[in-house]
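Structure, as structure tokens:
By convention here, the first residue in the shown sequence is residue 1. Just the heavy atoms: all of them, side chains too, but no hydrogens, waters or symmetry mates, feed the values below. None of the values given here were measured: they were computed from a predicted structure.
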Amino acid sequence: MLRKLFPHPFLSLALGIIWLLLNNSIAAGHIVLGALLGIFIPWFTAAFWQEQVMIRRPWLLTKFVLVVIYEILVANIIVARLILTKQSKLQPGFLEVPLDLTSPLAISLLANTISLTPGTVTCDLSEDQKSLLIHALHIEDAEATVTEIKQQFEKPLKEIFS
């Protein structure tokens, strides 16, 4: 019974918290509306989920989120410095990152994490779902950038979802 009401309990909790953060209020009305959104959005979309989300290591997921927040902050500083100081020396380009991930959810999280990081955006997923095409604002060493993405983002996601 409880599983039918909350098909994705972590998503329900996250939606409620995000609603409160977006409204910057903990008024009773916002709490009730956040709870309703947290219940009904996962409930209505449960049929569209291809796989059951299984987080094997929730503490590793927490660590991953903290690393992503840190990387976003650092990337903001780097991009600001690049734009303000080296406009003519920017070397934008595309990278192809081969994937070890097989879960559609993990691949989606990796692609979104890359796009959230300033200076990079995920452009495409290959048809065989074996590589991501990424555009970067400035590439000094393509191999090093691919290795960094695989180590910092893909490896923890593989451990979390495999």
Counting neighbours of CG on Leu21 that are heavy atoms of other residues, nucleotides or ligands and sit closer than 6.0 Å, is the number greater than 12? yes
Less than 4.5 Å apart, side chain to side chain, heavy atoms only: is that true for Ser25 and Leu20?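 No - every pair of side-chain heavy atoms lies 4.5 Å or more apart.
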Among residues at least two apart in sequence or on other chains, which ones pass salt bridge (Lys or Arg N to Asp or Glu O under 4.0 Å) with Lys158?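 Checked Lys158 against salt bridge (Lys or Arg N to Asp or Glu O under 4.0 Å); zero matches.
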With sequence neighbours left out, write down each residue that passes salt bridge (Lys or Arg N to Asp or Glu O under 4.0 Å) with Glu159, or none if nothing qualifies.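 Checked Glu159 against salt bridge (Lys or Arg N to Asp or Glu O under 4.0 Å); matches are Arg57.
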Is it the case that Glu71 and Thr117 place a side-chain donor and acceptor less than 3.5 Å from each other? no
Indicate whether the side chain of Asp128 and that of Ser126 have a donor and an acceptor atom separated by less than 3.5 Å. yes
Got a second to check how far [X]'s [atom1] is from [Y]'s [atom2], nearest 0.5 Å?
{"X": "Leu157", "Y": "Thr113", "atom1": "CG", "atom2": "OG1", "answer": "6.0 Å"}
{"X": "Gln151", "Y": "Thr147", "atom1": "CD", "atom2": "OG1", "answer": "7.5 Å"}
{"X": "Gln129", "Y": "Thr102", "atom1": "CD", "atom2": "OG1", "answer": "9.5 Å"}
{"X": "Leu60", "Y": "Lys155", "atom1": "CG", "atom2": "NZ", "answer": "10.0 Å"}
{"X": "Ile107", "Y": "Lys130", "atom1": "CD1", "atom2": "NZ", "answer": "8.5 Å"}
{"X": "Leu95", "Y": "Thr120", "atom1": "CG", "atom2": "OG1", "answer": "9.0 Å"}

Run the numbers on Glu140 and His138 for side-chain contact (heavy atoms from CB on, under 4.5 Å), then give the verdict. CA-CA 7 Å; Glu140 290 179 9; His138 183 68; 3.2 Å; yes
Joint cluster assignment, [X] & [Y], ILVMFWY side-chain distance < 4.5 Å:
{"X": "Trp19", "Y": "Leu13", "answer": "no"}
{"X": "Ile17", "Y": "Leu61", "answer": "no"}
{"X": "Ile83", "Y": "Val74", "answer": "yes"}
{"X": "Leu110", "Y": "Leu133", "answer": "no"}
{"X": "Val97", "Y": "Val121", "answer": "no"}

How would you list, by chain and number, every residue that makes a side-chain hydrogen bond (donor to acceptor under 3.5 Å, both in side chains) with Ser108, sequence neighbours excluded?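 Residues passing side-chain hydrogen bond (donor to acceptor under 3.5 Å, both in side chains) with Ser108: Asn112.
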Tell me the ring-ring contact (aromatic ring centres under 6.0 Å, His included) pairs involving residues 90-117, sequence neighbours left out? Phe94-His135
Return the minimal non-hydrogen interatomic distance between [X] and [Y], and the atom names on each side.
{"X": "Pro98", "Y": "Val146", "value": "CD-CG1, 4.1 Å"}
{"X": "Ile139", "Y": "Thr145", "value": "CG2-OG1, 4.5 Å"}
{"X": "Leu15", "Y": "Leu37", "value": "CD1-O, 4.0 Å"}
{"X": "Leu132", "Y": "Ile114", "value": "CD1-CD1, 4.1 Å"}
{"X": "Ser12", "Y": "Gly38", "value": "OG-O, 2.6 Å"}
{"X": "Phe153", "Y": "Phe64", "value": "O-CE1, 3.6 Å"}

Evaluate the ring planes of Trp43 and Phe40, with Trp represented by its six-membered ring, and classify them as parallel (under 30°), tilted (30 to 60°) or perpendicular (over 60°).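 Geometry flag for Phe40 against Trp43: perpendicular rings.
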Partner set under ring-ring contact (aromatic ring centres under 6.0 Å, His included) for Tyr70, not counting sequence neighbours: none
Run the side-chain contact (heavy atoms from CB on, under 4.5 Å) test on Thr122 and Ser115 for me, step by step, so that the C-alpha distance in whole Å, both residues' side-chain angles and the decisive distance to 0.1 Å come before the verdict. CA-CA 5 Å; Thr122 303; Ser115 293; 3.6 Å; yes
Do Ile77 and Leu73 pass the side-chain contact (heavy atoms from CB on, under 4.5 Å) test, and can you show the C-alpha distance, the side-chain angles, and the key distance before you say yes or no? CA-CA 7 Å; Ile77 294 167; Leu73 293 173; 5.8 Å; no
Determine whether Leu125 and Leu99 satisfy the following criterion, side-chain contact (heavy atoms from CB on, under 4.5 Å), listing intermediate values before the conclusion. CA-CA 10 Å; Leu125 174 64; Leu99 296 175; 3.8 Å; yes
Is there any salt bridge (Lys or Arg N to Asp or Glu O under 4.0 Å) pair reaching into residues 141-154, and which pairs are they, with sequence neighbours excluded?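 For residues 141-154: Asp100-Lys150, Lys150-Glu154.
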